[in-house]
Student: 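After the structure tokens below, expect a handful of questions from me.
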Amino acid sequence: NGIPEPQSTKTTYTYDLLMNNVSIPSNQHTTYWCQVFQLPELASKHHVIKYEPIIAPGNEGLVHHLLVYSCQKARNVTFLPEEHPGHECSPNMPDDWWPCYGNSIVAAWAVGAGSTVYPEHVGYSIGDEDDSRFVLMEMHYDNPQLASGKFDSSGLRLTYTPELRDNPQLAS
């Protein structure tokens with residue numbers, strides 16, 4: 001159901017940013033959940049040219065929207081083990097995650113939206129020595145029925161290419 005990549009892009013790769021079996025609280029309607037991800041280690045600069053939602057089957061009614069922020073390059077960021085589910089976006093998450101909110105928004109998705117494909121001349125830079133290797137994903141879960149026993153591993157798939165575009169995406 002997504003929009004295809006422009007035909008002029010011949011080489012693409014994907015990288016998934018997925019929550020890890022997050023337990024959705026049954027005692028609150030709204031939960032904001034955060035996780036920091038390390039982007040793929042690349043030998044050269046690439047451009048993200050598309051992103052698309054990956055919603056875990058059965059959780060279409062729980063996942064409301066998500067935002068992905070680039071973390072500051074020069075800062076050390078607490079990177080949790082892959083099996084760690086992350087933290088509720090609140091004072092109990094690692095202190096060094098908070099500055100990620102001050103950087104650019106890499107991606108945004110909400111209910112009703114599909115894939116986002118950048119124009120053929122635009123790309124979001126990753127893999128360059130000036131680029132951050134970390135992003136923070138903030139997921140908004142909506143649980144108005146206060147359902148219990150719900151877990152989620154939804155997220156976003158990034159499509160990127162070594163074929164650089166003429167114009168890098170600027171901070172949102």
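Being a predicted model, the structure only gives us computed values, none of them experimental.
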Student: Can you name the nearest heavy-atom pair linking Met139 to Ser154, along with the distance?
Tutor: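 For Met139 and Ser154, the tightest heavy-atom pair comes out as CE-O, 3.6 Å.
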
Student: To check you understand the geometry: which heavy-atom pair defines the closest contact between Thr161 and Thr11, and what is its length?
Tutor: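 Distance-wise, the nearest heavy atoms are OG1-O, 2.6 Å.
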
Student: Which heavy atom of Ser153 sits nearest a heavy atom of Ala56, and at what distance?
Tutor: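 Closest heavy-atom pair between Ser153 and Ala56: N-CB, 4.2 Å.
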
Student: For His64 and His140, take the angle between the two ring planes, folded into 0 to 90°, and tell me which bin it lands in: parallel under 30, tilted 30 to 60, perpendicular over 60.
Tutor: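 The arrangement is tilted - the two ring planes meet at 30° to 60°.
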
Student: For a 4.5 angstrom cut-off between non-hydrogen side-chain atoms, does Asn20 reach His84?
Tutor: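 They are not in side-chain contact.
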
Student: Measure the spacing between CD of Glu88 and CE of Met93 and express it to the nearest 0.5 Å.
Tutor: 10.5 Å

Student: Considering non-hydrogen atoms only, spot the tightest contact between Ala113 and Pro53 and give its length.
Tutor: O-CG, 4.4 Å

Student: Tell me, with the steps shown, if Tyr124 and Tyr51 meet side-chain contact (heavy atoms from CB on, under 4.5 Å).
Tutor: CA-CA 11 Å; Tyr124 184 85; Tyr51 58 86; over 6 Å; no

Student: For the side chain to side chain donor-acceptor pair (under 3.5 Å) test, which of Thr30, Thr31, Asn59, Asp152 pairs with Tyr141?
Tutor: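 Checked Thr30, Thr31, Asn59, Asp152 against Tyr141; only one passes side chain to side chain donor-acceptor pair (under 3.5 Å): Asp152.
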
Student: Carefully, step by step, assess Leu146 and Asn27 under the rule side-chain contact (heavy atoms from CB on, under 4.5 Å).
Tutor: CA-CA 6 Å; Leu146 302 178; Asn27 62 344; 5.9 Å; no

Student: Does His47 reach the main-chain N or O of Ile49 with its side chain, forming a donor-acceptor pair under 3.5 Å?
Tutor: no

Student: Does Asn143 reach the main-chain N or O of Leu62 with its side chain, forming a donor-acceptor pair under 3.5 Å?
Tutor: no

Student: With heavy-atom distances below 4.5 Å as the criterion, would you say the side chains of Ser44 and His46 are in contact?
Tutor: yes

Student: Ion pair present between Lys10 and Glu163, side-chain N to carboxylate O less than 4.0 angstrom?
Tutor: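 Looking at Glu163 together with Lys10, the answer is no, because their closest N to O distance does not fall below 4.0 Å.
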
Student: Could you report the tightest heavy-atom contact between Pro85 and Trp33, atom names first, then the distance?
Tutor: O-NE1, 2.7 Å

Student: Would a line drawn from the ring center of Phe37 to the ring center of Phe134 be shorter than 6.0 Å?
Tutor: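 No, the ring centres sit 6.0 Å or more apart.
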
Student: Exactly one of Val63, Leu67, Val68 should register a side chain to side chain contact (heavy atoms under 4.5 Å, CB included) with Trp109. Which one does?
Tutor: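 The single option meeting the side chain to side chain contact (heavy atoms under 4.5 Å, CB included) with Trp109 is Val63.
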
Student: Provide the closest heavy-atom pair for Trp98 versus Pro91 in the form atom of the first, atom of the second, distance.
Tutor: CZ2-N, 4.0 Å

Student: Pick from Thr159, Leu156, Thr116: which one makes a side chain to side chain contact (heavy atoms under 4.5 Å, CB included) with Glu52?
Tutor: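 It is Thr159, the one option of Thr159, Leu156, Thr116 that forms the side chain to side chain contact (heavy atoms under 4.5 Å, CB included) with Glu52.
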
Student: Taking it one step at a time, do Ser115 and Lys50 satisfy side-chain contact (heavy atoms from CB on, under 4.5 Å)?
Tutor: CA-CA 7 Å; Ser115 301; Lys50 174 183 175 182; 3.9 Å; yes

Student: How long is the straight-line distance from OG of Ser125 back to CZ of Arg165, given to the nearest 0.5 Å?
Tutor: 13.0 Å

Student: One pair to check against side-chain contact (heavy atoms from CB on, under 4.5 Å): Val111 and His65. What are the steps and the verdict?
Tutor: CA-CA 6 Å; Val111 172; His65 70 268; over 6 Å; no

